[in-house]
Protein chains: 2
Amino acid sequence: MADQPISEATVGRLPDYLRTLVELAGDDVAGVSSKHLATQVGVNSATLRRDLSALGITGTRGVGYDVKYLLFEISRVLGVHQEWRVAVVGAGNLGQALVNYDGLTQRGFPIVVLFDNDESKVGSIMGGIVVHHVDHMAELVSELGVNVGIIATAAEAAQSIADAFVEAKIVSLLDFTAGPLAVPDHVVVRRVDLATELQILSFYQQRDTAVSGGTGVPLGA
Amino acid sequence: MADQPISEATVGRLPDYLRTLVELAGDDVAGVSSKHLATQVGVNSATLRRDLSALGITGTRGVGYDVKYLLFEISRVLGVHQEWRVAVVGAGNLGQALVNYDGLTQRGFPIVVLFDNDESKVGSIMGGIVVHHVDHMAELVSELGVNVGIIATAAEAAQSIADAFVEAKIVSLLDFTAGPLAVPDHVVVRRVDLATELQILSFYQQRDTAVSGGTGVPLGA
DNA sequence: TAGATTGTTAATCGATTAACAATC
DNA sequence: TAGATTGTTAATCGATTAACAATC
């Protein structure tokens, strides 16, 4: 029943805990110690106990945690018991990949509508979803009960789409474009930028394979 | 010429710096202060100066930093001057979206080969790339000079694909599947998990819209 | 010289983790 | 009671940032 605020780091670990717990439950494991679960997930057991404590989730001293209870509580905290209806803007390759990707629906995030500004795409069906014109975002988002928006357009359009989502009272956005988005404080944006991920990878590779020391060899401009 | 180690946090900010610097250079801005650049990027100016210092990048006291020099040095650190050749495993929707996505090539990460274990896909061309059978990974990865691998298969196949990449001497992997991958220490894996991103978003939304306080209302199991 | 801005020291903050009293 | 494990305190670690001497 602790009342520490829940840190971003803690929230980020919850899906990992959930994933491992689902496996344990599948194997009919009833109880688990913080040490065992932490090892499975790859975190320190004190960190795990602290995370659970922050969520108000308790175990039994000398015994451990009940797997089903953990599963239920973490699911509840993450909102897994609720269905989150997703709108995707951008019916290009990425948008199409998203609507064709079962994983999102399976984990409780069905894509219910796809928007594009290209008239030739409007009206067509992709992954079982009808493509609507972006001009109709406000009405449809409200009508369909959308509560999460995904921006999968070209970078130039991102800000105006974000504005439209905000206008439509969406407060959770996942952005696949690179630039920073200006949104009101109550709107949460998470960014997925594949090229940046690859750049970070290449940084490590370059550093680890570099002939060590020195200011570095200048390459062709 | 500082010799602090470069933190993961610093590396993660480099692409943001780069992006903003590209804009400044485009506007023909020649010099910039840490305060100005930091404001643009949305970080603290001391953090920015510390990051640059850690990379051995210097400015001029009383003046600021030279935009072109910053651009060149950060690019070099990130390996932007090198072409990173990417192999994607999994020619499903995600794999297809990746090969059709120009952004990666534009930022120096051309996908040069696509693998799948589905015989009916092998030999076909997607986004201009020939699909090869996963059994030929080792030879082709070496032949084509691949140095980054992307795992875009179903979750069950991820570990064996990772093993195959490791076998083929690839040390940088981007993984779109959920589970944890076991790889040797010298291999760097970054994970992109869309459902987890959405779960984190829904956590914040649930928390912020919740009727405050209390142990929470139990929902139907 | 006066003004500006870097590069770094020292303070602060927050997150992780060892350690252990509480207690099943 | 003896053994195990939680829940939390206190120590540690690392990253951020204010502040300022160095210096252009």
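Naming: A, B, ... by sequence-line order, numbering from 1 per chain. Fair warning: this is a prediction, and the values are worked out from it, not measured in the lab.
Contacts between residues 8-35 of chain A and DNA chain D, defined by a heavy-atom separation below 4.0 Å, involve A:S33, A:S34, listed by number.
Scanning atom types as modelled, no donor and acceptor separated by under 3.5 angstrom connect the side chain of B:R61 and the base of C:dT5. Scanning atom types as modelled, no donor and acceptor separated by under 3.5 angstrom connect the side chain of B:R49 and the base of D:dT17. At a cut-off of 3.5 angstrom, the base of D:dT9 holds at least one donor-acceptor pair with the side chain of A:R50.
Between A:T60 and B:G62, the residue whose closest nucleotide on DNA chain C is further toward the 5' end is B:G62.
Separating the CG atom in A:L201 from the CG atom in B:L173 is a distance of 7.5 Å, to the nearest 0.5 Å.
At a threshold of 4.5 Å between non-hydrogen side-chain atoms, the residues A:S172 and A:N147 do not count as touching.
If you measure from atom CG of A:N44 to atom P of D:dC13, you get 14 Å, rounded to the nearest angstrom. Regarding B:L37, its CG atom lies at a distance of 13 Å from the P atom of C:dG7, rounded to whole Å. Protein atom CG of B:D51 is 11 Å distant from nucleotide atom P of D:dA15, rounded to whole Å.
Figure legend. C:dT17 is base-paired to D:dA10; pairs are counted as Watson-Crick or G-U wobble with both atom distances under 3.5 Å. Searching all strands for a Watson-Crick or G-U wobble partner of D:dA4 with both distances below 3.5 Å returns C:dT23.
Annotation for A:V187 and A:I170: closest pair CG2-O, 4.1 Å, computed over non-hydrogen atoms.
In this structure, B:R191 does not pair ionically with A:D16, as no charged nitrogen and carboxylate oxygen lie closer than 4.0 Å. Using a cutoff of 4.0 Å between basic side-chain nitrogens and carboxylate oxygens, B:E8 and B:R190 are scored as salt-bridged.
Which of D:dT16, D:dT8, D:dA18 sits closest to the side chain of A:S53 comes down to D:dT8.
A donor and an acceptor atom, one from each side chain of B:T196 and A:R107, are located under 3.5 Å apart.
Between A:T47 and C:dT17 there is a side-chain N or O to OP1 or OP2 distance below 4.0 Å. In this model, the phosphate group of C:dG7 is approached by a side-chain N or O of B:Y65 to a distance below 4.0 Å at OP1 or OP2.
Backbone-only engagement by B:S7 is indicated by non-hydrogen atom pairs under 4.0 Å involving sugar-phosphate atoms exclusively.
Put simply, the side chain of B:S202 gets close to the backbone of A:L78: a donor and an acceptor are under 3.5 Å apart.
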